[in-house]
Amino acid sequence: MKMKNYDHTKIEKKWQKEWDKNEVYKTQNKGKKMYVLDMFPYPSGVGLHVGHPRGYIGSDVYTRMKRMEGFNVLHPMGYDAFGLPAEQYALQHKIHPRKAVEVNVKTFERQLSIMGISYDWTRKVNTTDPKYYKWTQWIFLQIFNSWYDKSKNKARPILELESLFEKSGNIKVNAVCDFDTKIFTAKEWCLFSKIEKQNVLMKYRLAYEGHSEVNWCEEMGTVLANDEIVNDTNGNPVSERGGFPVVKKSMRQWFMRITAYANRLLAGLDGLEWSDHIKEIQKNWIGKSEGSEIEFRIKNYELGIKIFTTRADTIFGATYVVLAPEQPLVKNLESRITNLDEVNKYINSIKNKTDEDRTKSDKEKTGVELKGIKAINPANGEEVSVWIADYVLATYGTGAVMAVPAHDERDYEFANKYDLPIKNVVNNNLDSKNPYLDDGILINSDNFSGMTSEEARVKITEFVSGKIVTKYKMRDAIFARQRYWGEPIPLKHNSEGIITQLKEKDLPLELPNVKSYESTGTGESPLAGVKSWVKEGYETNTMPGWAGSSWYFLRYMDPQNSKAFASKKAIDYWKDVDVYVGGQEHATGHLLYSRFWNNFLFDLGHVPTREPFKKLRNNVVNPDDIVNNYGADTLRIYEMFMGPFEQSLPWSTESIIGSRRFIDRVYRLQSKIVDKKSSIDVEKIIHKTLKKVTEDIEDFAFNTAVSSMMILVNELEKSESIGKKDFKILLQMLAPFAPHITEEIWIDLGEKKSIHKSIWPKWDKNKIVDELLKIAVQVNGKVRTEIMISKDMTDEEIKEMATKDKNVEVWIEGKEIKRIIYVPNRIVNIVV
RNA sequence: GCCCGAGUGGCGGAACUGGUAUACGCGCACGACUUAAAAUCGUGUCUCGUAAGGGAUGUGGGUUCGAUUCCCACCUCGGGCACCA
């Protein structure tokens, strides 16, 4: 490892210092803007470290070219330091989370800077800084104080909803609200007590308090999201971090009504330059489906059962109805159920099961008939039995389904087990292996027989007075953690249960110091143990990890502002993120929540665009530590060269040597520099390569950009000399990949200003056209020879030249030429 | 089960909107320089064949003058969702 061609450690350190001193990467506030963002990291259990430099390097290469192209680039970095990972780390090491964050941030910054990443560090943000989370709390209050107007399709202030209630109650209000919201008139509204009003409004707020069954982890003393839970080796649910057991528990929670935005989050994907893969994941997660809501009347009772189905065409085959055990209607029917004991026993048995157990698809279906209750099939007036079963989900659709065993696999299984009637109403191909085919011709369906499923869906829905509706699988997001290390929620509860909110001037509500930030084990946050906090009535839950990260990209635009989360001027200038680079593990979390918040802020006029991230590129995990042996420039080139940017690659310390050799060769090429013009051939290849490199960086095709520069260097080595001017072009196009060595040579060549402040060169059109070109000649699609053509030959001349070629004549002799196809500058194909 | 995506040398991978498949790099072999080694440079490197030529982009079909690229079926791998009615 001795006697390198250049001393990477010395050179790289020198320039990193120099760039820092001269603020080479400082963002301006004018010019054509370009916002290139890396997802900011959060401290992990093993401390914060640069685990995967690939993404940071890729976005840095892109950033550097854009800067040289004259864009005013914003390329910042910061820290998402609230949340479980930081807290767990602190607990394990018996230090305060704030201390843990400080230590880890230092390590991280050192590792980033040795790779030569060109961040503007003056714009650093940290979600745990009270000056930052003041605005996280402010945004929370905006959401809390808003409702979703379906007719205008946007969020509006809650005050406007109250005045609508005063005018005409809620009957005419077309808003997104809780499923069980009751109808009231203006008069009734005015008679409501303060607390009753508060409860009603809570059903409309976009941030709301409610109760829900949650995943409770006793050891960690906290609620976990579904994606924070994994299965242990026995198939039991445990926390992803630590592997502690997880059970179901009903708890008071704060929620974000993200479901109000389901359709916009789905539709907004169309205009985004994201990979199809990530879009697909978000689409599935949102889970839109069109169907019908249809009421089955209950015999001798005023209420009916509303069911949701996507197969209204099969309603003539509906032979029973199933409710989810938690469906509120079950309670209402209690007095009429003749086997209530059996029913209650079933409901209780369900409560003790985890989601995991309930949703295992290979599990045998169970259920109980509600005896004494009969429903009427609205299509044919037949009486059908009513059941509860846990294969129906309370949280999707209406929590009730019509069962059509002939055309639904799950209903079929259930009907077979409990001996319920099965009636075929769609004439599928009966010998087909799958009796549940989507489409067919209706039979046994009165006037609808003979129609296709497709037609019948809408017609039958009308016939039974149902309506066409759209449902989503996505649920509202829980917005609370029973933990210490998070943003306090800026709300107070008084002894009567009235909720008041902090005024803007009183923000931030700072996280108090506590003796013990360890879990209380009771399910309450450690904040519940702080007397002064509880006395004031402050909310003891804190915000979840995703709060601070849902808007940080806006803060970078104006990170020091104390009057607003960012000034209007800064927001109007930067608008949105042009390119966003980060891991795809955030597809259904961060990337969805940020889009939700940004759409919301757009509705209230705080930001100028709906979607925050125009272009998304995903980085994948890879190890590091090559810098010491080979240098940062080598690491950067290697990471970019070894394959497509968005693909995970196995690390190979063997092949990295190729990247180092490449740099060494560039370094040695200096001996060929002359003070006059280079030969035509050298000029040509320089400009051709420049064109390719420019286009490739634009497309994030870094691997082929490096490859074409390698070809260029191979060619230059064969040449006698290189003009200084052309050599500088090579340095410039290499600068984004290898910022240190190129800077070193650049300054050596007598330049005064940093190469990174130089202007990205433009390729010369005239220099990339070849006078002579080699093209292939095929006979019947097989290559037989190559010919040289000049650029001013006509098509006819080229075709003639091809047919006259000796190597071709052998193959066409004595045969009739049927056609000659000439693809300009590529190929001639002679068909005989 | 459903929905995406991908299969190219010993390895990482390239091939623009259908136009000379295997660029570039690693590895390997041989050679040059050297007392020697390292480093560096040069030559070769899909496969069968002495050659002329033939065959290969997961498998089998199809469209086309021409297919890694488009279409159909199947196989394998990766990812997402999962009792969503």
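Reminder, nothing fancy here: chain letters follow the sequence lines and each chain counts from 1.
Side chains of A:S655 and A:F641 form no contact here, defined as non-hydrogen atoms less than 4.5 Å apart.
Contact check, A:K782 against B:rG55: a side-chain N or O comes under 4.0 Å of OP1 or OP2. Remark: A:R819 is in phosphate contact with B:rC65, judged by side-chain N or O atoms under 4.0 Å from OP1 or OP2.
Between A:F463 and A:F316, the two ring planes are parallel [angle under 30°; tilted spans 30° to 60°].
If you check B:rG78 for Watson-Crick or wobble pairing at under 3.5 angstrom, you find it paired to B:rC4. Summarising the base pairing, B:rC65 is matched to B:rG19 through a Watson-Crick or G-U wobble pair whose two defining distances lie under 3.5 Å. Nucleotide B:rU59 forms a Watson-Crick or G-U wobble pair with B:rA73, both donor-acceptor distances falling under 3.5 Å. Across all strands shown, B:rC33 remains unpaired; no Watson-Crick or G-U wobble contact has both distances below 3.5 Å.
Distance, A:D664 CG to B:rA38 P: 17 Å, rounded to whole Å.
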Report each atom pair, protein N/O against N/O of nucleotides 1-7 of chain B, whose distance is under 3.5 angstrom.
| from | atom 1 | to | atom 2 | distance (Å) |
| --- | --- | --- | --- | --- |
| B:rC3 | O2' | A:E280 | OE2 | 2.9 |

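Counting only residues at least two apart or in different chains, salt bridge (Lys or Arg N to Asp or Glu O under 4.0 Å) contacts with residues 809-825 of chain A are absent.
Across all strands, A:V401 comes closer than 4.0 Å to base atoms (heavy-atom distances). Nucleic acid contact class of A:N714 (heavy atoms, under 4.0 Å, all strands): sugar-phosphate only. Among the atoms of the strands shown, base atoms are found under 4.0 Å from some heavy atom of A:I821. Contacts of A:S289 with the nucleic acid, taken as non-hydrogen atoms under 4.0 Å apart, involve only primed sugar atoms and P, OP1 or OP2.
Checking B:rC16, B:rC24, B:rC83 against the side-chain heavy atoms of A:M710 singles out B:rC24 as nearest.
B:rG9 takes the syn form, because its glycosidic angle lies no more than 90° either side of 0.
A:Y630 has its ring centre no less than 6.0 Å from the ring centre of A:Y638.
For A:H687, there are no side-chain hydrogen bond (donor to acceptor under 3.5 Å, both in side chains) partners two or more places apart in sequence or in a different chain.
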